[in-house]
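Below is one structure; the comments refer to it alone.
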Amino acid sequence: MQGNGFKIGCIVAFLALTIYYLYPTVVWSLEQNYMEELSPSERAQYQEEEQQKLEDLRTRTLSLGLDLQGGMHVTLEVGVPQLIRELAGENADQLLNDVIDVAAERSLENDSDFINEMVAEFESRDPDARLSRYYRNDAMDITRRSSNEEIATFLKTQRQSALDRAIEIIRTRVDRYGVTEPSIVKQGNNRIVVELPGVEDKERVRSLLKGTARLEFRLAADAQEFRAFVNSVYEYYDNYSQSADTADTAAANQFNPLEEVLVPAQSPYLVGYATPDDTSRVMDLLTTEEVQRILPRSTTMMWSANPFQGQGGSELYQLIGVRTQIELTGDVIEAATVQFDPATNVPEVSMTMNSEGARKWGRITGANIGKPVAIVLDGFVFSYPNVQTKISNGRSSITGLDGVEEAEDLVNILLSGALPAPLEILEERTVGATLGAESIQAGLNSILFGLGVVAIFMIIYYRTGGGIADLALLLNIIFILGILAAFKATLTLPGIAGIVLTIGMAVDANVLIFDRIREEQRTGKTLKASIEAGYANAMSAIVDANVTTFFVAIILFSFGVGPIKGFAVTLMAGIVASLFSAIVITRVVVDYLTQAKKASVSFG
Amino acid sequence: MRWFETPNFDFNGARKMAYIFSAILFLVSVGAILTKGLQYGIDFKGGKEFVLDFENPVSVVDMRSDLSEPLGATPELKLFGSESEILIRTDNERPINEVQQIITSSMTELYPDNPFTVIKTDVVGPRFAEDLKSGALQAIIYAIVIIFIYILIRFRNWTFSAGAVAALIHDVVIVLGIFTLLADLVPFSLQVDQAIIAAFLTIVGYSLNDTVVVFDRIRENSNVHKGMDFMPMVNKSLNDTLSRTVITSITTLFVVTVLFIFGGEVLKGFSFALLIGIVLGTYSSLFVASSLVVELEARTKKS
């Protein structure tokens, strides 16, 4: 029994730790069951009273992955090329734009770092030129004489801080949205993974995450100039269709592609109306090089953010001509609230500007009485009210919203600040709560059935030894859950699969030992000597077999994302737990049984 | 109960047969992969997937043709577990909300008496899919390299490393081949996605587990029976560990079969890969890995 005192100590300590870490999970699920039986009002009251305790339990409980509890998983990417372009500000020229475009494409192709590609491309075009001419920044110690290398480092820091800022902003927005236990983490140097348990309103989350909150105030396009442009575009497409389709039928000759998709408008600064399906086609037709050449440089076209009901109930978006010049940007906004138009009770977002903004706003409105000012958010026109009088108190409001929800989201987006660069959604996965619940049930069934089948088999095959291995197996599963809870890992469906698989493989160490004991017995050794030799000789095979599997799990963990990581974690926890239970626990039990002579031990 | 008490199978004698068997499986798999191509899932190909849960059973064939026109191309449709759950996969490039709008409005119109809910959506951009694919490939390559090195360090013999790694590649390629061949024949998804890569790496770990135990015994036996020829010794080691190999395979197969049957639709392909992988892994550690070590040892000795 020498040394077993220490082993028993280990087992007790390990068990105590496991119980400590799993206890909140058990209590939490009991609380959940209890609350389920309460009526909604009772439940609300209970949650109110026990808020602290519940919150404390919830944070310490073994958390379930989105695939098990339902929710939304989104991978976003910061538009680094746009960010770098904007950092250059007014210094950007055609050369820089070209370099950025080429580098963006190349970094995608070669899976390489965008900034490195950009520097390389810039230097290959003109070896003597310096990037510092675009990125001079006295505050950051970037002077005209800074080397390209220094600039690259500077840009990388900027990228890093843009990513951090984006994460902060998203966190604020998500918190305001009211998701419990959201997870927002950085991935690599330009990606953000957002996990929102329980969220199923994808549309809302998408606009919440992607909205850069670039708020701009622009004047509407010059009416006369713009009207002339619209007319010449129609004229252009009249001619275009005739020249392009000369070989075609007469009917095709009459076909003006723009008329097919765009309903002309009468208003001086409106190009026209289009259905949601046609907007991209309209933009294709209006952004050809020829058309852009006709368009006056001072003017840009933008879609309205929300549709209005056209005749016959169809939804129509407006295409509006606005000035290219931005009069005022959203950084002057100090506060934003949802308000309701007293006459119509329609929600709108009311904004207050700081003193400098208010002064400018007063000047702009004063000089443009009777003309429309467009309020543009993230490239879409929310409203373009006519200026009635000079506004000197710095107040303005966004109307034309799609309801209270949108107004509230907009306030959140405005208040959490502008994202440093646009975000693109690379990946999006949503699992409904019912499917999650079904998965949990399926996983639990698998664990129980698997455990049962293996346990029965082990007893039939190894008799007492099998029974001892079963005990170890049971403790093993509890240990795995304990390890997962201790490391704050998340249990996913593949994670459950990992546990099931561990059940099958966990007995391996015992199979190795027991088979070895049988072998030793065949050579004529006593039971005690066989057990001694069996454990000793099986050890190197057990270690090698488990170390290699552990390596594989580490690789899975480093390269896998999302649920695969969950699988890798359970696999690792499973290996550690099963080694402990198969070597230490079974040994103590076997020793106890053989030495106390209370029972005869048989290995089948 | 005792199986394989003192077995004396001539594994190495059967190795020629095993080579032929393995070679056929391997070549058929490579052929299938090359001609038919791997059936990538949404993770590695990009695209949009929706799972709809209807109140009553539906016909996949009808829906496929019904959705072809609104989506602009024939989508992939599969039953997802039950007769009333359906998985729709499309490459339509419109924004996700528009695509979902198209699908839900067409479905509501076509099946007004059979309400449904969208229980799962997945969207993976083509660029992200590329990243996931290269990540998965790297994982498999790193796993193989690290395993090679670990065995080299533990057994101080490159032929052991080579034998083990060859057996791993053998297993993974054949599972991939079986996936490719059966993709359209089975009623569940056998597309290669991230979960399958996890399954592959697990197979790699499992097959290695088996192989390492045998190698370990070879090492032990070569210390105990110094004068013995290498081949008979390998054979003896295989027989010595046979009982363990079979018992562990059986227990693992039990649970993986349970997982396959009860684990739910999401894990079907995953547990199927494990199922084949465990059978193959057991076979390859008995017939492929150590046989290759024997061949390589014989060759290095001669030269």
Side-chain angles (χ1 to χ4, degrees), chain A residues 67 75 108 111 202-203 206 276 425-432 434-435 438-439 442-443 445-446 449-450 453-454 457-458 460-461 493-494 497 500-501 503-505 507-508 511-512 515 518-519 522 537 540-541 544-545 547-549 551-553 555-556 559-561 563-564 567-568 571 604, chain B residues 1-2 6 51 53 96-98 117-125 127-128 131-132 134-136 138-139 142-143 146-147 150 154 194-195 197-198 201-202 204-206 208-209 212-213 216-217 220 240 243-244 247-248 250-256 258-259 262-264 266-267 270-271 274:
Chain A
D67 52 350
T75 308
L108 275 188
D111 199 15
K202 293 170 277 186
E203 191 80 22
R206 264 181 232 126
I425 293 181
L426 291 184
E427 182 205 16
E428 183 194 299
R429 296 171 197 267
T430 324
V431 177
T434 29
L435 183 64
E438 276 171 30
S439 295
N445 289 345
S446 304
F449 276 114
V453 174
V454 171
F457 177 80
M458 288 297 282
I460 294 175
Y461 196 77
L493 184 56
V500 177
L501 188 65
I503 295 172
M505 290 170 76
V507 291
D508 182 52
V511 170
L512 272 164
D515 258 48
R518 283 180 174 185
E519 251 183 81
R522 277 200 297 277
N537 287 330
S540 76
D544 281 332
V547 167
T548 44
T549 316
F551 277 149
V552 171
I555 293 167
L556 264 177
F559 285 88
V561 287
I564 307 299
F567 176 69
L571 205 56
Chain B
M1 196 194 291
R2 283 169 185 234
T6 42
V51 177
D53 182 8
I96 164 91
N97 42 339
E98 285 182 28
T117 45
V118 181
I119 56 170
K120 187 172 180 288
T121 62
D122 287 301
V123 189
V124 181
R127 197 148 59 75
F128 195 67
D131 288 0
L132 288 178
S134 68
Q138 276 179 40
Y142 280 118
I146 288 179
I147 283 158
Y150 179 77
R154 281 293 283 173
Q194 288 199 89
I197 299 299
L201 284 172
T202 314
V204 162
Y206 182 84
L208 197 72
N209 214 338
V212 164
V213 170
D216 197 80
R217 192 52 83 93
E220 186 186 329
D240 285 349
S243 166
R244 174 267 160 194
I247 299 302
T248 300
I250 287 175
T251 57
T252 316
L253 273 180
F254 278 159
V255 292
V256 175
V258 165
L259 196 60
F262 299 103
V266 185
L267 290 176
F270 175 82
S271 42
L274 288 176

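Quick note: numbers below take in every heavy atom, side chains included, and nothing from hydrogens, waters or symmetry partners. Naming convention: chains lettered A, B, ... in sequence-line order (proteins, then strands); numbering from 1 in each chain.
For chain B, the nearby parts of A/Ser540 are the backbone and the side chain; heavy atoms of each come within less than 4.5 Å. Within the 4.5 angstrom heavy-atom criterion, no atom of B/Thr117 approaches chain A. Interface remark: B/Asp122 contributes backbone and side-chain atoms alike to the contact with chain A (heavy atom separation under 4.5 Å). The contact between A/Val500 and chain B is made by backbone and side chain atoms together, counting heavy-atom distances below 4.5 Å. Contact annotation for A/Ile425: neither backbone nor side-chain heavy atoms come within less than 4.5 Å of a heavy atom of chain B. Both the backbone and the side chain of A/Glu428 come within less than 4.5 Å of a heavy atom of chain B. For chain B, the nearby parts of A/Leu426 are the backbone and the side chain; heavy atoms of each come within less than 4.5 Å.
Interface summary for chain A: among B/Leu274, B/Val51, B/Thr252, B/Val123, the most heavy-atom pairs under 4.5 angstrom belong to B/Val123. For the set B/Ala136, B/Gly125, B/Ala198, the entry with the most heavy-atom pairs within less than 4.5 Å of chain A is B/Ala198. Of the listed residues B/Gly264, B/Ala143, B/Ala195, the one with more heavy-atom pairs under 4.5 angstrom with chain A than any other is B/Ala143. Contact count against chain A (heavy-atom pairs under 4.5 Å) is highest for B/Val255 among B/Val204, B/Val255, B/Val212, B/Ile147. Heavy-atom pairs under 4.5 Å with chain B peak, among A/Tyr461, A/Phe551, A/Phe457, A/Phe449, at A/Tyr461. Most heavy-atom pairs under 4.5 Å with chain A: of the set B/Gly135, B/Ser243, B/Gly205, this distinction falls to B/Ser243. Considering only heavy-atom pairs separated by less than 4.5 Å from chain A, the leading option among B/Val266, B/Val124, B/Leu201, B/Val213 is B/Leu201.
Other residues, nucleotides and ligands contribute at most 12 non-hydrogen atoms within 6.0 Å of the OH atom of B/Tyr142.
Scanning both residues, A/Pro494 and A/Asp67, for their nearest heavy atoms gives CD-OD2, 3.3 Å. Heavy-atom minimum distance, B/Val256 versus B/Ser271: CG1-O, 3.4 Å. The shortest non-hydrogen separation linking A/Ala553 to A/Ala568 is O-CB, 3.5 Å.
Looking at A/Asn445, its side chain never comes within 3.5 Å of a backbone N or O of B/Phe262 through a donor-acceptor pair.
The shortest distance between side-chain heavy atoms of A/Ile564 and B/Ile197 does not fall below 4.5 Å.
Note that CD of A/Glu427 is 6.5 Å distant from CG of B/Leu132, once rounded to the nearest 0.5 Å.
The pair B/Arg244-A/Asp515 does not meet the salt-bridge criterion, since no charged nitrogen lies less than 4.0 angstrom from a carboxylate oxygen. Between B/Lys120 and A/Glu438 there is no salt bridge, since none of the side-chain N atoms of the basic residue sits less than 4.0 Å from a carboxylate O of the acidic one.
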